[in-house]
Novice: 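I'd like to ask some things about the structure below.
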Number of protein chains: 2
Amino acid sequence: MKNKRYSESLEDYLETIFMYGGKDVKSVDIAKHLNVSRASVNNALNSLIDKGLVTKELYGNIALTKSGMEVSKKVLEKHELLKEFLIDILGINPEQAEKEACGIEHIISDFTAVQIKKLMNKLKEKKD
Amino acid sequence: MKNKRYSESLEDYLETIFMYGGKDVKSVDIAKHLNVSRASVNNALNSLIDKGLVTKELYGNIALTKSGMEVSKKVLEKHELLKEFLIDILGINPEQAEKEACGIEHIISDFTAVQIKKLMNKLKEKKD
DNA sequence: CTATAATGTTAGCTGCATTTAACATTATAG
DNA sequence: CTATAATGTTAAATGCAGCTAACATTATAG
């Protein structure tokens, strides 16, 4: 229940690992997904390990710790919520919505996310 | 009509200068407003001068160029729009809204801003 | 099995945004 | 006017996040 803040960059790495749902993510996959070099992934992973969010041994498998999991999940949920809001409510095109969600997800609080969700539900049910 | 992108940091400096509405901003004011050192302001100003967004001579007055003005104005407008949306529509507390607006303003496109404005107007007039 | 390809790691570099500390200039209080 | 305070500038350092290039390990195709 710490709710510590991490850099956007590190949250992006966490989110990417989380997306693979425990399915043996490779550094190289993360690198492709985030459009960065393998070296950058390595760096970031070491940072995440230091912070107790990820575990991995030399040449070993990447896994999220419990707290890494919590952080990742929240970020990904915000991402999806924002994307839906941008596309369905504001009419932003999916590609642009993806980009903006990817930035905003790191900024809004959990409470703001909840409020967006409520608003979205209200607006969607009213469309009937 | 270029619509070039600048770093969040530089946009913050521009926004701050713009807020003073041409009233002879001092480096020291900017420093206080952004909670950074005078040295950082100096650095940023030189960057902005390089990019043709600000003019200033050694120990001279700070002014926005035409294009610096355009960029600043857009950022500040987004800031205010977002803050209003967060407070009035989502019920976020003003202090938190301020913080989040300050981050999101650098991310959303002009189009997204327009769409938020439309949504907000619709929601506000319906409150009657 | 082993050679090669794929992946992971390390070292050293870059750019950006910040800092502190020292110094320069400008403004102002007496 | 001049001493002092306020402001502005510069230099040197830091941390972060990325890069490339070289090297190490692991996986795989023959």
Side-chain angles (χ1 to χ4, degrees), chain A residues 4-17 19-20 22-64 68 71-72 75 99 102-107, chain B residues 4-17 19-20 22-64 68 71-72 75 99 102-107:
Chain A
K4 276 231 211 79
R5 310 298 327 261
Y6 302 97
S7 71
E8 305 203 351
S9 167
L10 290 187
E11 286 191 357
D12 284 338
Y13 286 100
L14 284 177
E15 202 183 353
T16 305
I17 298 167
M19 276 183 14
Y20 279 80
K23 277 185 222 75
D24 184 28
V25 214
K26 304 302 201 60
S27 271
V28 79
D29 301 323
I30 301 173
K32 274 172 199 150
H33 186 259
L34 294 178
N35 258 296
V36 295
S37 68
R38 296 193 320 270
S40 297
V41 175
N42 218 265
N43 246 331
L45 288 176
N46 286 327
S47 235
L48 292 170
I49 291 167
D50 279 354
K51 293 176 169 55
L53 299 165
V54 160
T55 56
K56 183 178 81 67
E57 283 148 27
L58 251 191
Y59 298 101
N61 282 82
I62 298 163
L64 291 167
V71 177
S72 310
V75 178
K99 242 193 303 184
C102 214
I104 303 172
E105 67 190 3
H106 306 293
I107 295 172
Chain B
K4 275 229 210 79
R5 310 298 329 261
Y6 302 98
S7 71
E8 306 203 350
S9 167
L10 289 187
E11 286 191 356
D12 284 337
Y13 286 100
L14 284 177
E15 203 183 354
T16 305
I17 298 167
M19 276 184 12
Y20 280 79
K23 276 184 223 79
D24 183 27
V25 215
K26 304 303 204 56
S27 271
V28 79
D29 302 323
I30 301 173
K32 275 172 200 149
H33 186 260
L34 294 178
N35 258 295
V36 296
S37 67
R38 297 194 317 271
S40 298
V41 175
N42 218 265
N43 245 332
L45 288 176
N46 285 327
S47 234
L48 293 170
I49 291 167
D50 279 354
K51 294 176 168 53
L53 299 165
V54 161
T55 55
K56 182 178 83 63
E57 283 147 26
L58 248 192
Y59 297 99
N61 281 82
I62 298 164
L64 291 167
V71 176
S72 310
V75 177
K99 242 193 304 184
C102 213
I104 303 172
E105 68 190 4
H106 306 292
I107 295 171

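So you know, we letter chains A, B, ... as the sequences are listed, proteins then strands, and number each from 1. What you are looking at is a predicted structure, and each value in this text was computed from that prediction instead of being measured.
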Novice: Rounded to whole angstrom units, what separation is found between the CD1 atom of Ile17(A) and the P atom of dG8(C)?
Specialist: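 That distance rounds to 12 Å.
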
Novice: Quick check on dA17(D): is either OP1 or OP2 less than 4.0 Å from any side-chain nitrogen or oxygen of Ser7(A)?
Specialist: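 Checking dA17(D) against Ser7(A), a side-chain N or O does come within under 4.0 Å of OP1 or OP2.
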
Novice: For Glu8(A) and dC16(D), give me the distance from atom CD to atom C1', rounded to whole Å.
Specialist: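 Rounded to the whole Å, the gap is 13 Å.
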
Novice: Need one value for Asn61(B): base, sugar-phosphate or nothing, where a base atom within 4.0 Å counts as base even if backbone is also close, heavy atoms only.
Specialist: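 No contact.
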
Novice: For Ala39(B) and Lys51(B), find the nucleotide of DNA chain C closest to each by heavy atoms; which residue's nucleotide sits nearer the 5' end?
Specialist: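 Nearer the 5' end of the strand: Lys51(B).
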
Novice: Could you let me know what dA11(C) is paired to, Watson-Crick or G-U wobble, both distances under 3.5 Å, or none if it's on its own?
Specialist: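 Here dA11(C) is engaged in a pair, and the nucleotide opposite it is dT20(D).
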
Novice: Any base atoms under 4.0 Å from Asp29(A), or only sugar-phosphate, or nothing? Heavy atoms, all strands.
Specialist: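 No contact.
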
Novice: What is the separation between atom CG on Asp24(B) and atom C1' on dT7(D), rounded to the nearest whole Å?
Specialist: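 Nearest whole value for this atom pair: 12 Å.
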
Novice: Considering just the side-chain nitrogens and oxygens of Ser9(A), establish if one lies under 4.0 Å of OP1 or OP2 belonging to dC16(D).
Specialist: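 Result: no.
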
Novice: Can you tell me how far C1' of dC16(D) sits from CG of Asp50(A), to the nearest Å?
Specialist: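 From Asp50(A) CG to dC16(D) C1': 13 Å.
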
Novice: Are any of Tyr13(A)'s side-chain N or O atoms less than 4.0 Å away from OP1 or OP2 of dG18(D)?
Specialist: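 So the side-chain polar atoms of Tyr13(A) do come within 4.0 Å of the phosphate oxygens OP1 or OP2 of dG18(D), strictly under.
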
Novice: Any strand counts, and the cut-off is 3.5 Å on both contacts for Watson-Crick or G-U wobble. Which nucleotide pairs with dT9(D)?
Specialist: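 dT9(D) is paired with dA22(C).
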
Novice: Identify the nucleotide, in any strand shown, that forms a Watson-Crick or G-U wobble pair with dC16(C), with both distances under 3.5 Å; if there is none, say none.
Specialist: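 dC16(C) is paired, partner dG15(D).
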
Novice: Rounding to an integer number of Å, can you tell me how far Asn42(B) CG sits from dA24(C) P?
Specialist: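 So the two atoms are 15 Å apart, to the nearest Å.
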
Novice: Using atom CG of Asn46(B) as one end and atom P of dT18(C) as the other, report the distance to the nearest whole Å.
Specialist: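 Taking atom P of dT18(C) as the reference, CG of Asn46(B) is at 14 Å.
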
Novice: If you define the side chain from C-beta out and look only at heavy atoms, does anything of Leu10(A) sit under 4.5 Å from Val71(A)?
Specialist: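 With C-beta onward as the side chain, the pair stays apart.
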
Novice: Under a 4.5 Å cut-off applied to non-hydrogen side-chain atoms, are Ile62(B) and Leu45(B) in contact?
Specialist: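 Of all side-chain heavy-atom pairs linking Leu45(B) with Ile62(B), at least one is under 4.5 Å.
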
Novice: For a quick test of reading the model: is some side-chain N or O of Ser37(B) closer than 4.0 Å to OP1 or OP2 of dT19(C)?
Specialist: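 Yes, Ser37(B) has a side-chain N/O under 4.0 Å of OP1/OP2 on dT19(C).
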
Novice: By nearest heavy atom, map Leu10(A) and Arg38(A) onto DNA chain D; which one lands nearer the 5' end?
Specialist: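 So the residue in question is Leu10(A).
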
Novice: Nearest 0.5 angstrom please: Lys26(A) NZ to Lys32(A) NZ, how far?
Specialist: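 Output value for this atom pair is 9.5 Å.
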
Novice: Report yes if some heavy atom in the side chain of Val54(B) is under 4.5 Å from a heavy atom in the side chain of Leu14(B); otherwise report no.
Specialist: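 Side chain of Val54(B) against side chain of Leu14(B), heavy atoms only: contact under 4.5 Å found.
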
Novice: Supply the atom-to-atom distance Cys102(A) SG to Glu8(A) CD, rounded to the nearest 0.5 angstrom.
Specialist: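 The SG atom of Cys102(A) sits 9.0 Å away from the CD atom of Glu8(A).
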
Novice: Ignoring backbone atoms, establish whether Lys56(B) has a side-chain N or O less than 4.0 Å from OP1 or OP2 of dT9(D).
Specialist: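 For Lys56(B), the contact criterion (side-chain N or O under 4.0 Å from OP1 or OP2 of dT9(D)) is met.
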
Novice: State which of dT7(D), dG8(D), dC19(D) makes the closest approach to the side chain of Asn43(A).
Specialist: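 Out of dT7(D), dG8(D), dC19(D), the nucleotide with an atom closest to Asn43(A)'s side chain is dC19(D).
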
Novice: Atom CG of Leu45(B) to atom C1' of dG8(D): distance rounded to whole Å?
Specialist: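 So the two atoms are 10 Å apart, to the nearest Å.
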
Novice: Rounding to an integer number of Å, can you tell me how far Lys26(B) NZ sits from dT9(D) P?
Specialist: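 Between P of dT9(D) and NZ of Lys26(B): 11 Å.
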
Novice: Is Ser40(B) near enough to dA17(C) that one of its side-chain N or O atoms lies under 4.0 angstrom from OP1 or OP2?
Specialist: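 For dA17(C), neither OP1 nor OP2 has a side-chain N or O of Ser40(B) closer than 4.0 Å.
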
Novice: How long is the span from the CG atom in Leu48(B) to the NZ atom in Lys56(B), to the nearest 0.5 Å?
Specialist: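 Result: 11.0 Å between the selected atoms.
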
Novice: Whether Tyr59(B) contacts dC23(C) is assessed here as follows: a side-chain N or O lying under 4.0 Å from the phosphate OP1 or OP2. Is that the case?
Specialist: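 Result: no.
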
